[in-house]
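Naming convention: chains lettered A, B, ... in sequence-line order (proteins, then strands); numbering from 1 in each chain. Fair warning: this is a prediction, and the values are worked out from it, not measured in the lab.
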2 protein chains.
Amino acid sequence: MGEDGPTIVTIAERAGVSIASVSRVLNGQSARPETTERVLAAADALGYVPNAVARSLKSRRTNHIAFAMADIGNPVYLAMVREIQQVLRAAGYRLVLHSTDADVDDELEVLRGLGQRYVDGLILCPLRVTSGHLAELTRAPVPVVVIGSVPDGQPVDSVRADSRTGVSLAVRHLYEQGRRRIGFVNGPVDTVPGAARDAGFRAALAEVGLAYEESRVEIGDFYVEGGARAADRLLARADVDALLCANDLMAVGALRTLREHGRDVPADVAVVGMDDTDLATTTWPPLTSVGLGSAERGRRAAELLIDRITGATARAGSPRQILVRPRLAVRGSSR
Amino acid sequence: MGEDGPTIVTIAERAGVSIASVSRVLNGQSARPETTERVLAAADALGYVPNAVARSLKSRRTNHIAFAMADIGNPVYLAMVREIQQVLRAAGYRLVLHSTDADVDDELEVLRGLGQRYVDGLILCPLRVTSGHLAELTRAPVPVVVIGSVPDGQPVDSVRADSRTGVSLAVRHLYEQGRRRIGFVNGPVDTVPGAARDAGFRAALAEVGLAYEESRVEIGDFYVEGGARAADRLLARADVDALLCANDLMAVGALRTLREHGRDVPADVAVVGMDDTDLATTTWPPLTSVGLGSAERGRRAAELLIDRITGATARAGSPRQILVRPRLAVRGSSR
DNA sequence: CGGCAATCTGAAAACGTTTACACAACGACG
DNA sequence: CGTCGTTGTGTAAACGTTTTCAGATTGCCG
């Protein structure tokens, strides 16, 4: 029971060499063949596994990277996690997951925790960016990549979705389908995505020459139920022939509400979601959706971060901003 | 730039005390008021944050726990992750995520990696349990909790779903709805869930007095597309009035196939899924599904693990097995 | 005011690695 | 045969904590 796992010292004793030699052999540095052999034999016999913590203490690298987002239940974050995890694994990093329940304090807590040095870097996908965030970001002791918008001039890498163009794609598509009374179920406008989509919607309407009607806009909460209720409120007071939803979850809710109201999709009302998650292909009719490249954003963020940690660009180098292009996937709900 | 973060030494110098005193004060041990005050003042002024790695090396606890599963894209694992993350956070642990893509070697790799001591414990949710797993499990240097079945007598805590009763619930329900020609879209039977469901299906049919018909059983891959194709093959050769699917993803695929075949759900064919994930409420018609308590399994596993790590039961104590009860959620797809 | 117990403190040793440095051994070369 | 690189090795010092132990300080009582 009390076997406390072999250490480099155990091996050294058994092989009759110094711990330095053991370390060197195990790290593939040159040594006399005989030494190499004896060390490897001893290590093998003892079933030695190097202690990651001790190694980290010395090397100042943990090979862990954190990802913090609001809620892993949201398919968007999920797509990011999957992709991030892939990239990290390929690069020999492990993923530490923080689900903050959209609590700003929790997010800040994670940022401050960086000082503990339990990770080599952080990918942060905040719902809102407060001044608190910015303050912590500038003093972060390890590289951080933000998925989302940060004000210009902040010394931090970021990967953004182009919500604005995304919304524009959707509105144009609906317009081309002959829809003129386009309703909009957005999320809270005090969140980064909500604000971006709101601005995008206004701009897109202007592009195609439609007027912005207060009564055709309703606010949900980015979740299914909230979307369903928002759609319900909207239908009660406005006559729309299309419904653009700020994410797929709310679009799913809207589809349900429309069905309950006996409105046919897409004949009576076309529905378009955003994020183009897996959900879009499981609904009926399948949901037209604007993909904002969640997976790609995750991947790019991870790559950016790894490059910062161990790359040519390392710690120096000016902050980089990546903009991921949206892509419209037209399905049954709008044609 | 080169500021290398204050350590306990920096504080000691500034406060004019020894590092031992600093450590004690910061850990809330008794000290003379003046010492306490000076240390705290210095720590505060320097913005000191303790180094988690160094602390871990000394204390032999990392406060990290790993969760390894096949694919976080699967809603079942997702539900587990959410719950696990909750429990861990409340207990002051961080979650390290391993998505193994159902690759047995990757799983074993994770198990072996435990020797590196970068986590205090592991929750493992394997698709299959090989002898390799068992070997590694018995020699694991930190506590491991398995979500899924492990052979009796293995010295490892486990939390299982009661697939068998779950399948039985579904079959009885369909029988009560007057269905007599029940088809079954299972996953591969060489996986733990696949095997359990297969056994459950045979037993359940016997319970209600129906015959097991080879032709009404088809194998998918636990994913949407595979489920769709499996349903397609099944419909081509058998006349069924109900379709039980071994998970919700395949049920979603089956719903699509049925629609393509012009079969009404539930009038022509009733459909029942398993796992009762969020998906079940987004389909049309909403999917009847047998919940196998993914969330609960995650929670119980996390609790069990934490208890092993720091609990009354600690390292000693015989292995515990928890069986989570299934629960049928009847929705539109079967009534 | 001396002695004793109780309290607080600092020096030093751990935790398990990596690595700078110095030294030994070695063949090669003049 | 002495000197010189070259190569391999061992000692010891880090990395940033916690913790043991012994010594210093304090307060209290006789």
Side-chain angles (χ1 to χ4, degrees), chain A residues 2-40 42-43 46-64 113-120 141-142, chain B residues 2-40 42-43 46-64 113-120 141-142:
Chain A
E3 322 245 338
D4 223 17
T7 76
I8 219 179
V9 178
T10 330
I11 297 182
E13 285 167 357
R14 190 179 230 262
V17 299
S18 75
I19 62 167
S21 291
V22 175
S23 177
R24 279 187 289 254
V25 168
L26 294 177
N27 290 318
Q29 307 199 19
S30 70
R32 208 174 37 168
E34 195 202 318
T35 310
T36 306
E37 194 183 345
R38 290 171 60 185
V39 168
L40 290 180
L46 292 166
Y48 171 77
V49 181
N51 182 307
V53 177
R55 205 197 281 262
S56 292
L57 179 57
K58 184 66 187 164
S59 67
R60 295 154 156 277
R61 314 250 333 294
T62 63
N63 291 312
H64 285 211
L114 257 27
Q116 298 176 247
R117 302 308 194 101
Y118 65 98
V119 289
D120 297 338
V142 296
Chain B
E3 321 245 342
D4 224 17
T7 75
I8 221 179
V9 178
T10 329
I11 297 182
E13 286 166 357
R14 191 179 229 263
V17 299
S18 73
I19 61 167
S21 292
V22 174
S23 176
R24 279 187 289 254
V25 168
L26 294 178
N27 291 317
Q29 307 200 20
S30 72
R32 207 173 38 165
E34 196 202 318
T35 310
T36 306
E37 194 182 348
R38 290 170 61 184
V39 168
L40 290 180
L46 292 166
Y48 170 77
V49 181
N51 182 307
V53 177
R55 204 197 282 260
S56 291
L57 177 57
K58 186 65 186 161
S59 67
R60 295 153 155 276
R61 314 255 327 299
T62 63
N63 291 312
H64 285 211
L114 257 28
Q116 299 176 247
R117 300 310 193 100
Y118 66 97
V119 288
D120 297 339
V142 297

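Rounded to an integer number of Å, the gap from A:L57 CG to C:dC15 P is 14 Å. Atom CD in A:E13 sits about 15 Å away from atom C1' in D:dG10, given to the nearest Å. For the pair B:Y48 OH and D:dG16 P, the computed distance is 10 Å after rounding to whole Å. Separating the CG atom of B:L26 from the P atom of D:dG16 is a distance of 15 Å, rounded to the nearest angstrom. Between the P atom of D:dT17 and the CZ atom of B:R61 lies a distance of 18 Å, rounded to the nearest Å. Look at CD1 on B:I19: it is 11 Å from P on C:dG10, rounded to the nearest Å.
Each of C:dT19, D:dT11, D:dG16 was ranked by its minimum atom distance to the side chain of A:S23; first place goes to C:dT19. Of all nucleotides listed (C:dT9, D:dT18, D:dG16), D:dG16 comes nearest to the side chain of A:R60. When each of C:dG16, D:dT9, D:dT19 is scored by its nearest atom to the side-chain atoms of B:R24, the top-ranked nucleotide is D:dT19. In the set C:dG16, C:dT9, D:dG8, C:dT9 carries the atom at the smallest distance from any side-chain atom of B:S21. Checking C:dT18, D:dT17, C:dC8 against every side-chain atom of B:K58, the shortest atom distance belongs to D:dT17.
Phosphate proximity of D:dG16 to A:Y118: absent, as no side-chain N or O sits under 4.0 Å from OP1 or OP2. Remark: A:T7 is not in phosphate contact with C:dG16, judged by side-chain N or O atoms under 4.0 Å from OP1 or OP2. Between B:N51 and D:dC15 there is no side-chain polar atom (N or O) within less than 4.0 angstrom of OP1 or OP2.
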Candidate pair A:L40 and A:L26, rule side-chain contact (heavy atoms from CB on, under 4.5 Å), full reasoning | CA-CA 8 Å; A:L40 290 180; A:L26 294 177; 4.2 Å; yes
Derivation and outcome, side-chain contact (heavy atoms from CB on, under 4.5 Å), residues B:N51 and B:T7 = CA-CA 8 Å; B:N51 182 307; B:T7 75; over 6 Å; no
In sequence, state the C-alpha distance, the side-chain angles, and the governing distance for A:D120 and A:V142, and then conclude on side-chain contact (heavy atoms from CB on, under 4.5 Å).
-> CA-CA 6 Å; A:D120 297 338; A:V142 296; 5.8 Å; no
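At the heavy-atom level, A:V17 lies under 4.0 Å from the strands shown only through sugar-phosphate atoms. Residue-level contact check: B:S56 touches neither bases nor backbone, having no heavy atom under 4.0 Å from any strand. At the heavy-atom level, B:S59 lies nowhere under 4.0 Å from the strands shown. In this structure, B:V9 reaches neither bases nor backbone, as no heavy-atom distance under 4.0 Å exists between it and the strands shown.
Classified by interplanar angle (parallel below 30°, tilted 30° to 60°, perpendicular above 60°), the ring pair B:H64/A:H64 is tilted.
When side chains are defined from C-beta on, B:S56 does not count as touching B:R61, because their heavy atoms never get closer than 4.5 Å.
Nearest-nucleotide assignment on DNA chain C puts the 5′-proximal partner with B:A20, out of B:A20 and A:R55.
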